[in-house]
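Side-chain atoms are counted along with the backbone in the values below, which use heavy atoms only and exclude waters and symmetry mates.
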Amino acid sequence: MPPGGLFLNNTIKNGFFAVLIHYRRAKRNMAKIRIKDILDGKYAGQKITVKGWVRTFRNDRFIALNDGSCLANLQVVIDFEQYEEAFLKKITTGASLAATGTIVESPGKGQAWEMQAESVAIIGLSDPDKYPLQPKKHSLEFLREIAHLRVRTNTFGAIYRVRHNLIYAVHKFFHEKGFYNVHTPIITGSDAEGAGEMFTVTTLDFDNLPRTPEGEVDFKEDFFARHTKLTVSGQLEGETAALGLSEIYTFGPTFRAENSNTSRHLAEFWMIEPEMAFYDLDDNMALAEEFVKYLVRFALDHCADDLAFLAKRLADEEKQKPQHQRQEMGLLEQLHFVADNDFERLTYSEAIEILRNSKPNKKKKFKYLIEEWGADLQSEHERYLVEKHFKKPVILYNYPASIKAFYMRLNEDGKTVAAMDVLFPGIGEIIGGSQREERYEVLLQKIEMLGIDAQELDWYLDTRRFGTAPHSGFGLGFERLMQFITGMGNIRDVIPFPRFPGHADF
RNA sequence: UCCUCAGUAGCUCAGCUGGUUAGAGCACCUGACUGUUAAUCAGGGGGUCGUUGGUUCGAGCCCAACCUGGGGAGCCA
């Protein structure tokens with residue numbers, strides 16, 4: 001800001017408003033400087049101000065400053081003799097501050113650029129006695145308990161950044177292919193999606209529930225005048241959109257009230273569900289494979305530093321394990337492998353043959369032995385196919401109709417449906433999809449056979465009554481993809497604030 | 001929900017066959033040093049050993065139940 005006197009003189013000379021506008025514009029355009037850009041050398045020799053959070057303060061001289069724009073810290077070098085001791089004591093791990101100085105080539109090892117600071121201002125104190133994060137390795141379990149602060153660690157900073165890049169890549173992929181993004185409802189009255197237990201959404205007073213004459217809760221009195229729940233899938237609504245827009249995708253929150261306590265399940269997660277008119281199962285599988293490879297490649301191309309850090313983290317973790325439990329490939333190796341190689345495609349029937357003749361089945365090492373066609377595949381079977389037999393991602397298709405959902409298209413053999421699952425090492429099913437049953441009579445028969453109320457699905461059946469068309473789609477669990485790409489073993493660590501049974505903190 | 005392993009300082013962990021006053025590193029406090037990379041060196045404070053009950057002369061250690069967390073399974077994405 002110019003000194004007051006000069007400012008006043010100029011306003012008199014040039015006109016008050018012109019200067020005011022100029023000043024405001026300058027202020028508005030003064031973007032905050034990101035540490036990422038400094039470390040890229042964009043401010044070499046310039047005097048600038050940088051803001052961020054202290055990671056460590058070494059030797060009363062070196063502040064490692066991080067602003068989340070990238071993994072690396074900016075080293076801010078201060079002349080400690082210039083400051084009071086009481087001031088230096090405030091530069092603690094976790095404190096936020098602004099430093100002004102010149103960006104110079106660093107004489108030390110470990111960084112190309114550093115800031116020779118002229119002044120430092122503390123913005124927010126961080127009581128070192130109470131701040132839970134230390135400049136040391138913390139367990140993921142501990143960090144999960146302080147999910148509101150873990151974003152300030154290297155690991156979670158990297159995960160958040162990768163997550164953003166993948167969200168962007170999802171939209172970019174579909175947009176460039178001409179798919180339209182559709183927001184399907186989060187609150188749904190449909191009870192027939194069949195993908196799992198649902199959370200009820202209500203404004204009813206629990207202390208004074210309206211009852212029907214039969215003594216049941218009367219949802220006619222509820223906000224929507226019916227029993228409503230949180231969505232478990234946007235698929236049925238997505239299908240209606242595809243049968244008008246041709247190619248669509250959804251990317252929204254999904255809720256499952258299952259009492260699942262595993263490293264691969266969340267009660268609230270994000271799912272991507274493309275739905276395409278005039279696609280058969282082969283087209284569907286080809287799209288799924290192209291999509292996943294694109295996302296993996298995008299992460300490799302745009303998150304190199306963060307992935308390298310996560311790869312090292314995983315490698316260190318693997319070293320703690322006994323030899324036989326270790327992964328053969330490192331994280332980056334595995335990502336390249338998936339991006340560069342074709343997935344194995346085989347039918348359920350072929351998979352059953354392989355499993356039936358497999359060593360663990362013959363030696364009765366499987367907990368669930370494969371006896372005959374029609375059995376549902378367990379985790380151990382999927383893992384065997386992916387991790388032992390093929391050693392690459394596998395797409396299984398044409399499953400028995402009896403173990404799959406009602407909307408999947410019945411094949412000519414009358415006993416299998418055009419379903420497909422993409423199985424990944426470590427996490428199992430990452431994608432589940434199918435060609436949809438477009439024939440009205442066949443679909444209606446299935447619905448009635450399963451005892452689903454056809455009246456509830458009347459709107460859905462309309463798509464088959466009027467201009468029905470073959471169509472396909474799949475669902476990809478975004479957090480499972482995140483697990484694969486970041487190498488994180490627990491799904492609760494790849495979403496900022498995980499929701500799972502007994503936990504809705506933050 | 002089931003199986004399994006664990007719970008000792010703010011964090012990560014050690015603690016022998018049940019036996020005196022429960023230890024270490026990091027963090028914190030005091031001091032030294034001042035081009036360091038999770039800085040280093042010297043000293044200091046910090047514990048209801050998850051909870052409750054039981055066995056025993058005596059329990060961090062043995063037993064039971066419960067709570068919490070990890071791993072695996074089921075349900076699935």
- Note on the structure: Against the side chain of A:Asp60, the closest entry in B:A77, B:G70, B:U34 is B:U34
- Message: With rounding to the closest Å, how many angstrom separate the C1' atoms on B:G46 and B:G10?
- Response: 10 Å
- Query: With the threshold set at 4.0 Å, does a side-chain nitrogen-carboxylate oxygen contact exist between A:Glu290 and A:Lys177?
  - Reply: yes
- Message: Counting runs of three or more consecutive pairs, Watson-Crick or G-U wobble, with each distance below 3.5 Å, where are the stems of RNA chain B?
- Response: B:1-7 with B:67-73, B:10-13 with B:23-26, B:28-32 with B:40-44, B:50-54 with B:62-66
- Task: Using the C1' atom on both, measure B:U1 against B:G18 and round to a whole Å.
- Result: 37 Å
- Rounded distance in Å between the C1' positions of B:G58 and B:C62: 13 Å
Identify all side-chain donor-acceptor contacts of residues 97-117 of chain A below 3.5 Å with residues at least two apart in sequence or on another chain.
unit_1: A:Thr100; atom_1: OG1; unit_2: A:Thr49; atom_2: OG1; d: 2.8
unit_1: A:Ser106; atom_1: OG; unit_2: A:Gly108; atom_2: N; d: 3.2
unit_1: A:Ser106; atom_1: OG; unit_2: A:Gln111; atom_2: NE2; d: 3.0
unit_1: A:Ser106; atom_1: OG; unit_2: A:Glu114; atom_2: OE1; d: 2.9
unit_1: A:Gln111; atom_1: NE2; unit_2: A:Lys109; atom_2: O; d: 3.2
unit_1: A:Glu114; atom_1: OE1; unit_2: A:Gln75; atom_2: NE2; d: 3.1

- Message: Counting only heavy atoms from other residues, nucleotides and ligands, does the tally under 6.0 Å from NZ of A:Lys90 exceed 12?
- Response: no
- Message: Below 4.0 angstrom, which residues in residues 99-115 of chain A have at least one non-hydrogen atom near RNA chain B?
- Response: A:Ser106, A:Pro107, A:Gly108, A:Lys109, A:Gln111, A:Glu114
- Counting only side-chain N and O atoms of A:His138, is one of them less than 4.0 Å from OP1 or OP2 of B:A27? no
- Message: For the P atoms, the ones on B:C66 and on B:C49, what distance do you get once it is rounded to whole angstrom?
- Response: 22 Å
- Query: Quick one: do A:Asp67 and A:Arg34 make a salt bridge, cutoff under 4.0 Å?
  - Reply: no
- Base, sugar-phosphate, or nothing: which does A:Ile430 touch, judged by heavy atoms less than 4.0 Å apart? sugar-phosphate
- Query: Taking the side chain of A:Ser139 as its heavy atoms from C-beta onward, which of B:C76, B:A77, B:U12 lies nearest to it?
  - Reply: B:U12
- Message: Does this structure show an ion pair linking A:Arg264 with A:Glu429, if we count only N-O contacts that are shorter than 4.0 Å?
- Response: no
- Looking only at B:C28, B:A77, B:U1, the nucleotide nearest the A:Pro128 side chain is B:C28
- Query: Nucleotide by nucleotide, 5' to 3', does protein get under 4.0 Å of the base (B), only the sugar-phosphate (S), or neither (-) in nucleotides 4-10 of chain B, counting heavy atoms?
  - Reply: ------B
- A:Arg480 has its side chain closest, among B:U36, B:C28, B:C76, to B:C76
- Check every strand shown and say whether A:Arg144 touches a base, only sugar-phosphate, or nothing at a heavy-atom separation below 4.0 Å. sugar-phosphate
Enumerate donor-acceptor pairs with a distance under 3.5 Å from any side-chain N or O in residues 159-172 of chain A to protein atoms, sequence neighbours excluded.
unit_1: A:Arg161; atom_1: NE; unit_2: A:Asp306; atom_2: OD1; d: 3.4
unit_1: A:Arg161; atom_1: NE; unit_2: A:Asp306; atom_2: OD2; d: 3.0
unit_1: A:Arg161; atom_1: NH1; unit_2: A:Gly68; atom_2: O; d: 2.9
unit_1: A:Arg161; atom_1: NH2; unit_2: A:Asp306; atom_2: OD1; d: 3.0
unit_1: A:Arg163; atom_1: NH1; unit_2: A:Glu479; atom_2: OE2; d: 3.0
unit_1: A:Arg163; atom_1: NH1; unit_2: A:Val494; atom_2: O; d: 3.0
unit_1: A:Arg163; atom_1: NH2; unit_2: A:Glu479; atom_2: OE2; d: 2.9
unit_1: A:Asn165; atom_1: ND2; unit_2: A:Arg161; atom_2: O; d: 2.9
unit_1: A:His171; atom_1: ND1; unit_2: A:Tyr249; atom_2: OH; d: 2.6
unit_1: A:Lys172; atom_1: NZ; unit_2: A:Glu176; atom_2: OE2; d: 2.8

- Could you pull out all residues at least two apart from A:Phe343 that satisfy ring-ring contact (aromatic ring centres under 6.0 Å, His included)? A:Phe424
- Touch class at under 4.0 angstrom, heavy-atom based, for A:Ser260 against every strand present: base
- Message: So A:Gln378, base contact, sugar-phosphate only, or nothing? Heavy-atom distance under 4.0 Å.
- Response: sugar-phosphate
- Note on the structure: The nucleotide from B:G70, B:U36, B:G74 with an atom nearest the side chain of A:Phe62 is B:U36
- Message: Let's see if you can work this out: which of B:A77, B:G35, B:A27 has an atom nearest to the side-chain heavy atoms of A:Pro135?
- Response: B:A27
- Give A:Thr262 one of three labels, base, sugar-phosphate or nothing, depending on what nucleic acid heavy atoms sit under 4.0 Å from its own. base
- Judged by nearest nucleotide, the residue sitting upstream toward the 5' end of RNA chain B, A:Asn490 or A:Asn59, is A:Asn59
- Item | Residue A:Arg58, side-chain atoms from C-beta onward, closest of B:G70, B:A73, B:U37 | B:U37
- Indicate yes or no: does A:Asp60 engage A:Lys89 in a salt bridge with an N to O separation below 4.0 Å. no
- From B:A77, B:G71, B:G69, nucleotide with atom closest to A:Ser263 side chain: B:G71
- Quantified in whole Å, what is the C1' atom distance between nucleotide B:C61 and nucleotide B:G50? 15 Å
- Message: Students often get this wrong, so: under 4.0 angstrom with heavy atoms, is A:Ile431 touching a base, only sugar-phosphate, or nothing?
- Response: sugar-phosphate
- Side chain of A:Gln116 - closest among B:G35, B:A73, B:A77: B:G35
